[in-house]
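Taking it in order: structure first as structure tokens, then the write-up.
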There are 2 protein chains.
Amino acid sequence: MFVSTNYIYLCGVLNKRMKMQVLTLNNTGRMLHEVYRVFKKLSEGQQHMETYITPEQFGLLHAISTKAEEVIQKDMADMMGKDKSAILRLIDSLEEKELVKRVADSKDRRKNYLMVTKLGYKVIDQYVKIAEDMMMVIQEGLSQDDIDTFQRVVSHITAKAKEM
Amino acid sequence: MFVSTNYIYLCGVLNKRMKMQVLTLNNTGRMLHEVYRVFKKLSEGQQHMETYITPEQFGLLHAISTKAEEVIQKDMADMMGKDKSAILRLIDSLEEKELVKRVADSKDRRKNYLMVTKLGYKVIDQYVKIAEDMMMVIQEGLSQDDIDTFQRVVSHITAKAKEM
DNA sequence: ATAATTAGTTGATACAAACAACTATTTTGT
DNA sequence: ACAAAATAGTTGTTTGTATCAACTAATTAT
């Protein structure tokens with residue numbers, strides 16, 4: 001399993017040397033790393049998994065499934081901030097596992113709509129179930145206020161970064 | 001530049017389907033992705049960089065530099081949750097750029113202490129400076145309370161995940 | 001009608017992860 | 001004291017995923 005921790009120490013270092021009390025993304029990458037580790041462990045404990053997919057594959061598959069409108073590869077590349085060829089290869093791998101299908105647009109023959117198959121939804125559900133159970137345990141001890149603030153700060157940082 | 005977004009959608013999906021109001025790591029990976037993008041852009045804008053290093057290299061280099069005691073490769077592998085061979089190869093790359101040195105322990109000849117060179121510290125400072133400036137902008141509009149809560153939630157999640 | 005743009009594809013290259021097998025050294029247990 | 005176990009590091013192999021550049025085919029704009 002390939003796991004990059006790019007973000008972990010990149011973001012982890014922000015502010016280590018700050019003189020004043022400021023926002024620290026110090027442990028955020030490490031947090032995701034730990035959560036990912038647990039998620040992976042729980043996933044592997046499941047014997048009856050339909051299909052094993054990597055986090056990248058899962059992320060893309062899930063992202064496709066949650067879009068209200070039809071999406072094409074280009075949309076997913078934009079959405080996920082990756083090169084179109086990266087998306088293409090992820091789609092290839094998902095199609096090989098029969099989790100998505102490329103369906104040609106009859107009007108614009110350059111486009112392939114991405115459709116999640118029945119099996120695709122099944123696999124998503126399996127992974128989502130694991131994630132839900134895990135998060136239930138993880139959030140024990142946090143108040144609703146904590147959670148709300150956390151989400152708000154995340155949105156704030158994301159928005160600020162996006163305009164930079 | 002290699003950028004993995006493993007965590008982004010893995011964690012991004014946690015809770016999308018939750019029925020009740022719960023902790024959502026929904027956008028956390030995306031947040032780090034955006035922050036990383038800005039960081040990279042700012043880094044590339046710097047003409048007078050001593051040496052370009054990847055985020056992984058930077059993370060390891062910085063982590064070594066902040067340890068109070070001498071560290072060996074094994075320590076860094078444990079600390080960063082990676083296989084020792086992954087660390088070894090990152091150290092190789094850092095040593096090639098003359099940012100760290102392996103120094104043999106005279107007592108236990110199995111061990112190599114990792115020492116950050118002068119150039120190593122110089123490179124760290126350059127990257128840290130960029131990160132600091134960026135975070136100053138990003139945190140505008142957040143209260144101290146927001147920041148504290150954010151950090152506390154991150155610690156909570158990390159701790160909970162670690163014991164799972 | 002030609003030019004520019006768009007969507008997708010392919011090939012080349014790079015980075016970094018895991019795992020397994022190995023060496024050399026040190027520590028442990030009897 | 002010596003054999004066995006543990007430890008630190010190394011190397012080779014495989015896998016996954018990213019970028020970039022060059023390309024085709026189809027569509028849109030001038």
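Below, read A as the first sequence line, B as the second, and so on, with proteins coming before strands; counting in each chain starts at 1.
The side chain of A:Ile72 approaches C:dA7 more closely than any other nucleotide in the set C:dA7, C:dA17, C:dT9. Listed nucleotides D:dT10, D:dC20, D:dT27 differ in distance to A:Asp83; the shortest reach to its side chain belongs to D:dC20. Of the candidate nucleotides D:dC20, C:dC19, C:dT9, D:dC20 has the atom nearest to the side chain of A:Ser85. Among the nucleotides C:dA16, D:dA26, C:dA7, the one closest to the side chain of B:Gln57 is C:dA16. Side-chain atoms of A:Glu56 lie closest to D:dA18 of the nucleotides D:dA18, C:dA7, C:dT10.
Taking for each of A:Arg109 and A:Lys84 the nucleotide of DNA chain D with the nearest heavy atom, the 5'-most of the two is the partner of A:Lys84. If you find the closest nucleotide of DNA chain D to A:Ile87 and to A:Lys107, the one lying nearer the 5' end belongs to A:Ile87.
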Begin with the C-alpha distance, continue with both residues' side-chain angles, and end with the deciding distance and a verdict on side-chain hydrogen bond (donor to acceptor under 3.5 Å, both in side chains) for A:Lys160 and B:Gln139.
CA-CA 8 Å; A:Lys160 277 275 191 177; B:Gln139 73 165 350; over 6 Å; no
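A:Tyr52 and A:Tyr127 have tilted rings, their planes meeting at an angle from 30° to 60° on a 0 to 90° scale.
Other members of the hydrophobic cluster containing A:Tyr113, listed by chain and number, are A:Ile72, A:Val103, A:Met115; membership follows side-chain contacts under 4.5 Å among ILVMFWY residues, whether direct or relayed.
Among the protein residues, B:Asp108 comes within range of the sugar-phosphate backbone only, with heavy atoms under 4.0 Å from sugar or phosphate atoms but none that close to a base. B:Lys111 comes within 4.0 angstrom of the backbone, heavy atoms only, and of no base.
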Show each protein N/O and nucleotides 2-6 of chain D N/O combination with a separation under 3.5 Å, one pair to a line.
none

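Taking atom CG on A:Asp78 and atom P on C:dT5, their separation rounds to 17 Å, with Å as the unit. The CG atom of A:Asn112 sits 19 Å away from the P atom of D:dT24 (whole-angstrom rounding). Spacing between atom CG of A:Leu114 and atom P of C:dA7 amounts to 13 Å, rounded to whole angstrom units. Protein atom CD1 of A:Ile53 is 13 Å distant from nucleotide atom P of D:dG16, rounded to whole Å. The nearest whole Å value for the distance from the NZ atom in B:Lys74 to the C1' atom in C:dA24 is 17 Å. Spacing between atom CZ of B:Phe58 and atom C1' of C:dA16 amounts to 18 Å, rounded to whole angstrom units. Across the protein-nucleic acid pair, B:Met80 atom CE and C:dA16 atom C1' stand 12 Å apart, rounded to whole Å. In this entry the distance linking NZ of A:Lys82 with C1' of D:dA18 reads 8 Å, nearest Å.
Between B:Ser93 and B:Gln57, the side chains place a donor N or O and an acceptor N or O closer than 3.5 Å (distance only, hydrogens not considered).
For the pair B:Gln73 and D:dT10, the criterion of a side-chain N or O lying under 4.0 Å from OP1 or OP2 is met. Residue A:Thr54 places at least one side-chain N or O under 4.0 Å from the OP1 or OP2 atom of D:dT17.
Classification of A:Lys74 and A:Asp78 as a salt-bridged pair holds, one side-chain N sitting under 4.0 Å from a carboxylate O. Taking the charged nitrogens against the carboxylate oxygens, B:Glu56 and B:Lys82 do have a contact shorter than 4.0 Å, which makes a salt bridge. With respect to the salt-bridge test (charged N to carboxylate O, under 4.0 angstrom), the residues A:Asp108 and A:Arg110 qualify. B:Glu95 has a carboxylate O that lies under 4.0 Å from a charged side-chain N of B:Arg102, or vice versa, which qualifies the two as a salt bridge. Here A:Glu70 does not pair with A:Lys111 in a salt bridge; the nearest charged N to carboxylate O distance is not below 4.0 Å. The residues B:Lys129 and B:Asp125 are annotated as not salt-bridged, no charged nitrogen and carboxylate oxygen being separated by less than 4.0 angstrom.
DNA chain D lies under 4.0 Å from at least one heavy atom of each of the following residues of residues 89-106 of chain A: A:Arg89, A:Leu90.
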